[in-house]
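One structure is given here, and the rest of the page talks about it.
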Amino acid sequence: MAVERTLSMVKPDGVERNLIGEVLARFERAGLRIVALRMARLSLADAQAFYGVHRERPFFQSLCNYMSSGPIVAFVLEGDGAIAKAREVMGATDPAKAATGTIRRDFALSIERNTVHGSDARETAAFEIGFHFSGLNLYAR
Ligand code: UDP
Ligand code: MG
């Protein structure tokens, strides 16, 4: 399997409940390496740009308000098949449908406040990594 990089975030509900370390630990225990990390507060415009692919969806406005309501921690994970592996560790978007032992099953408050973000494909990972980290700041193997 190819070495990939994926962009993940601890969302505001996770930061608020002191779950940063717990979320990072779950990815590390799954064998993924953290190769970049920063805390930030997204403006509403930042959140709208980050989630631009969802701009026509009914949940878009509420999602962007929520994602700009408090700090997030953005990080880049690296490893074999990192994009799919990170999504496995996260669990399904809706915590009621997330598998046992996943971050969202264990910690999500709702389908919106679901604690963690993860890129869903190589193209979105490249966009999302570039959104949070400039090429100059990104650690290179
Ligand atoms: N979301 C929501 N309601 C929905 C679907 C999604 O509030 O019905 C939010 C949720 O926070 C989700 C984010 O929008 O994580 C992005 O949605 P996506 O379908 O990309 O889910 P993900 O890739 O995060 O599992
Ligand atoms: Mg998604």
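In listed order, ligands and their atoms are each counted from 1. Start at 1 with the first residue, then count along the sequence. Heavy-atom basis, side chains included; hydrogens, waters and symmetry copies ignored.
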* Structure fact -> Arg41 meets the salt bridge (Lys or Arg N to Asp or Glu O under 4.0 Å) criterion, sequence neighbours left out, with none

* **Winner among Arg104, His117, Met90 once heavy atoms are compared against atom 24 (O) of ligand 1** => Arg104

* To do: Count the heavy atoms of every other residue, nucleotide or ligand shown that sit under 6.0 Å from CZ of Arg17, and state whether that count exceeds 12.
  => yes

* Asked: Are Val116 and Met9 connected, step by step, through hydrophobic side chains (Ile, Leu, Val, Met, Phe, Trp, Tyr) whose heavy atoms are closer than 4.5 Å?
  -> no

* To do: With heavy atoms only and a cut-off of under 4.0 Å, state how Arg87 meets ligand 1: side chain, backbone, both or neither.
  => side chain

* To do: Pick one of side chain, backbone, both or neither for how Leu63 approaches ligand 1, counting any non-hydrogen atom pair under 4.0 Å.
  => side chain

* To do: For ligand 1, find out whether one of its N or O atoms is nearer than 3.5 Å to an N or O atom of Arg113.
  => no

* Asked: Does ligand 1 have an atom that lies less than 4.0 angstrom from a heavy atom of Lys11?
  -> yes

* Give the residue, atom name and distance (to 0.1 Å) of the protein heavy atom nearest atom 5 (C) of ligand 1. => Phe59 CE2, 3.4 Å

* Structure fact -> Check: of Asp94, Asn114, Val53, min heavy-atom distance to atom 12 (C) of ligand 1 comes from Asn114

* To which protein heavy atom is atom 17 (O) of ligand 1 closest, and what is the distance rounded to 0.1 Å? -> His54 NE2, 3.5 Å

* Asked: Are any of the N/O atoms in Glu112 less than 3.5 Å from those in ligand 1?
  -> yes

* Any side-chain hydrogen bond (donor to acceptor under 3.5 Å, both in side chains) involving residues 79-92? Give me the pairs, sequence neighbours left out, ordered by first then second residue. => none

* **Exercise: identify the closest heavy-atom pair between Arg5 and Ala125** => O-CB, 3.5 Å

* Let me know which of Val15, Ile103, Val89 forms a side-chain contact (heavy atoms from CB on, under 4.5 Å) with Val23. => Ile103

* **Heavy atom of Met9, distance to ligand 1 below 4.0 Å** => no

* To do: Could you tell me the residue and atom name of the protein heavy atom closest to atom 10 (C) of ligand 1, and the distance to it rounded to 0.1 Å?
  => Ile111 O, 3.2 Å

